[in-house]
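Below you'll find the structure, written out as structure tokens, and then a few comments.
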Amino acid sequence: MINILITGANGQLGSELKSIFKNGTLKFNKPINYIFTDIDTLDISNSVILNKFFQDHSFDYVINCAAYTNVDLAEKEKEKAYNVNATCVKNIVESIKDQNTKFIHISTDYVFDGNSHIPYTEDMQTNPQSVYGSSKLDGEKYALESENAIVIRTSWLYSSFGKNFAKSIHKLCKEKESLNVVFDQVGTPTYAYDLANAILQIVKQSIAENTFLPGIYHFSNEGVCSWYDFAKIIANKANSKCNINPIESKDYPTTVKRPFYSVLNKNKIKSTYNIKIPHWQDSLNKFFKAL
Ligand SMILES: NC(=O)c1ccc[n+]([C@@H]2O[C@H](COP(=O)([O-])OP(=O)(O)OC[C@H]3O[C@@H](n4cnc5c(N)ncnc54)[C@H](OP(=O)(O)O)[C@@H]3O)[C@@H](O)[C@H]2O)c1
């Protein structure tokens with residue numbers, strides 16, 4: 001029996017993992033016992049509860065989807081963001097270090113400054129521009145203190161679960177005649193279902209072939225677009241007549257400046273784990289079916 005813990009399981013990514021496990025669409029060659037927790041059942045920021053939890057349970061894999069993800073609010077709630085995104089990761093790693101547990105942790109394109117003109121590889125210089133990005137970078141460092149940890153950086157995550165840009169635009173384009181969306185920030189959307197599948201492919205191969213290669217990996221869908229392109233396609237697919245207008249970031253001020261360029265290079269995860277990544281527009285079609 002393989003025991004897997006998924007923390008932050010009520011979020012976008014955690015919910016996709018849950019639905020894949022529950023649907024039984026991915027077959028493993030050993031029986032799997034999975035436990036899904038979120039803040040109500042395992043608050044990872046409570047070190048006493050966390051230590052007790054890992055004394056009472058041991059896992060072959062821990063997939064940490066729990067995070068503080070409110071990028072703008074993190075500037076005000078700095079301590080909370082660092083606690084959940086960094087200190088808690090350290091505590092998890094320390095709690096599982098004697099159990100030979102394999103740890104999969106999720107990080108973000110916000111560890112980069114967005115000034116690149118070529119897709120970011122895993123070894124490129126990090127330079128976070130926000131509390132959220134810095135707290136996630138610290139979390140990566142703590143995760144990688146374990147010899148048994150994989151960190152997956154992703155970008156522009158969306159899902160039929162939870163709140164995200166794709167769902168907001170889908171709703172707003174039915175209610176409004178026009179929407180202004182920035183066209184000078186470029187990246188790649190990631191359908192959380194595809195990321196969940198990639199994580200489970202890694203787990204599956206690790207169980208079947210004993211291959212778990214620690215380190216940092218990048219994952220998003222294939223292709224490149226601006227938020228404007230993304231919104232325009234969402235509105236088209238929703239058969240909306242709403243006008244999507246391209247605007248510059250300077251005309252859409254936010255507390256945290258968003259990276260202008262956050263395309264991730266996925267060659268490492270594709271070649272190491274033979275993962276086939278769908279184009280973002282194909283995944284958007286799947287998202288619309290799942291909505
Ligand atoms: N969303 C994006 O665009 C994006 C982009 C790049 C990378 N990522 C990374 O991808 C990962 C998954 O993101 P996501 O969008 O699925 O996040 P999400 O939807 O915000 O889910 C995170 C989950 O963690 C829970 N959580 C927060 N504090 C916790 C605590 N102390 N103990 C246990 N659970 C706690 C949250 O509960 P509450 O909702 O109650 O707080 C939520 O259910 C994160 O590591 C994130 O940093 C996200």
Side-chain angles (χ1 to χ4, degrees), residues 5-20 35-50 53-54 62-74 77 79-92 95 103-112 114 120 128 130-140 142-143 149-169 185 187-196 198-199 216-221 227 230 254 256 258-259 262-264 280 287:
L5 171 70
I6 293 105
T7 59
N10 295 343
Q12 300 191 78
L13 179 60
S15 298
E16 295 286 2
L17 283 163
K18 207 185 294 177
S19 84
I20 295 173
I35 296 184
F36 294 97
T37 60
D38 205 280
I39 194 157
D40 51 342
T41 41
L42 176 63
D43 179 352
I44 62 165
S45 67
N46 186 323
S47 56
V48 176
I49 290 180
L50 193 76
F53 182 84
F54 284 111
V62 170
I63 305 172
N64 184 29
C65 302
Y68 181 105
T69 55
N70 191 324
V71 174
D72 288 317
L73 195 58
E77 297 188 344
E79 206 176 310
K80 193 172 171 193
Y82 272 98
N83 188 26
V84 178
N85 292 342
T87 311
C88 290
V89 179
K90 183 174 189 255
N91 291 342
I92 294 175
S95 302
F103 184 47
I104 300 180
H105 177 67
I106 315 303
S107 191
T108 171
D109 56 316
Y110 276 60
V111 298
F112 296 114
Y120 283 103
S130 60
V131 168
Y132 170 71
S134 304
S135 67
K136 293 293 292 184
L137 182 61
D138 282 3
E140 289 187 359
Y142 287 131
I150 281 178
V151 169
I152 304 178
R153 292 184 185 136
T154 190
S155 63
W156 297 22
L157 205 60
Y158 71 98
S159 160
S160 55
F161 302 102
K163 283 189 201 153
N164 52 65
F165 178 86
K167 280 173 83 175
S168 301
I169 296 291
Q185 293 171 25
T188 316
T190 304
Y191 185 29
Y193 170 86
D194 293 331
L195 174 57
I199 291 170
I216 301 176
Y217 295 83
H218 286 176
F219 184 95
S220 67
N221 281 118
W227 288 110
F230 192 25
T254 46
V256 170
R258 267 50 181 178
S262 53
V263 181
L264 300 174
W280 69 267
F287 160 79

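What you see below is based on every heavy atom in this structure, not just the backbone, and it leaves out hydrogens, waters and symmetry mates. Atoms within a ligand are numbered from 1 in the order they appear, just like the ligands themselves.
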I need the contact type for [X] against ligand 1. Using non-hydrogen atoms and a strict under-4.0 Å cut-off, is it side chain, backbone, both or neither?
X    : answer
T69  : side chain
S45  : both
T190 : neither
R153 : neither
Y132 : side chain
A9   : neither

When you compare ligand 1 with [X], is there at least one nitrogen or oxygen pair between them that comes in under 3.5 angstrom?
X    : answer
W156 : no
G14  : no
T154 : no
D43  : yes
Y68  : no
D109 : no
I44  : yes

**Prompt:** Just checking, any donor-acceptor pair under 3.5 angstrom between side chains of N85 and S135?
**Reply:**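 A pair is found: one side chain offers a donor N or O, the other an acceptor, under 3.5 Å apart.
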**Prompt:** With distance as the sole criterion, is a donor-acceptor pair present between the side chains of T7 and T37 under 3.5 Å?
**Reply:**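 There is no such pair (donor and acceptor under 3.5 Å, judged by atom type) between the side chains of T7 and T37.
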**Asked** So which of I39, V84, L195 gets nearest to atom 34 (N) of ligand 1, if we judge by its closest heavy atom?
**Response**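 Result: the heavy atom closest to atom 34 (N) of ligand 1 is in I39.
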**Shortest heavy-atom approach to atom 10 (O) of ligand 1 - which of N85, I106, N164** =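 Among N85, I106, N164, the closest heavy atom to atom 10 (O) of ligand 1 belongs to I106.
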Among all the protein's non-hydrogen atoms, which is closest to [atom], and how far away is it?
atom                    : answer
atom 26 (N) of ligand 1 : A67 O, 4.0 Å
atom 21 (O) of ligand 1 : G11 CA, 3.2 Å
atom 45 (O) of ligand 1 : K136 NZ, 2.7 Å
atom 37 (O) of ligand 1 : D38 OD1, 3.3 Å
atom 33 (C) of ligand 1 : L42 O, 3.4 Å
atom 19 (O) of ligand 1 : Q12 N, 3.0 Å
atom 13 (O) of ligand 1 : L157 CD2, 3.7 Å
atom 23 (C) of ligand 1 : G8 O, 3.7 Å

Determine whether any protein heavy atom is located less than 4.0 Å from [atom].
atom                    : value
atom 43 (O) of ligand 1 : yes
atom 15 (O) of ligand 1 : yes
atom 39 (O) of ligand 1 : no

Determine yes or no for a side-chain-to-main-chain donor-acceptor pair under 3.5 angstrom, with [X] supplying the side chain and [Y] the backbone.
X    : Y    : value
H218 : Y120 : yes
T190 : A192 : no
S155 : T188 : yes

**Message:** I'd like to know whether ligand 1 has A192 as a neighbour, heavy-atom separation below 4.0 Å.
**Reply:**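 A192: no contact with ligand 1 (<4.0 Å).
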**Item:** Sub-4.0 Å heavy-atom approach of C65 to ligand 1
**Value:**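 A heavy atom of C65 does come that close to ligand 1.
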**Prompt:** Going through the distances and angles, do L50 and N46 end up as a side chain to side chain contact (heavy atoms under 4.5 Å, CB included)?
**Reply:** CA-CA 6 Å; L50 193 76; N46 186 323; over 6 Å; no
**Item:** With sequence neighbours excluded, residues passing side chain to side chain contact (heavy atoms under 4.5 Å, CB included) with E79
**Value:**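 E79 satisfies side chain to side chain contact (heavy atoms under 4.5 Å, CB included) with no other residue.
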**Prompt:** Given Y158, which of W227, F230, Y193 fulfils the ring pair (Phe, Tyr, Trp, His ring centres under 6.0 Å) condition?
**Reply:**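 Of the listed options, the one satisfying the test is F230.
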**Message:** For D38, is there an ion pair with K18 - N to carboxylate O distance below 4.0 angstrom?
**Reply:**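 Looking at D38 together with K18, the answer is no, because their closest N to O distance does not fall below 4.0 Å.
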**Item:** Sole residue of I150, I63, I6 in side chain to side chain contact (heavy atoms under 4.5 Å, CB included) with I199
**Value:**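 Answer after filtering I150, I63, I6: I63.
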**Request:** Report the relative orientation of the aromatic rings in Y191 and F287; use parallel for angles under 30°, tilted for 30 to 60°, perpendicular for over 60°.
**Result:**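 Because their plane-to-plane angle is over 60°, the rings of Y191 and F287 count as perpendicular.
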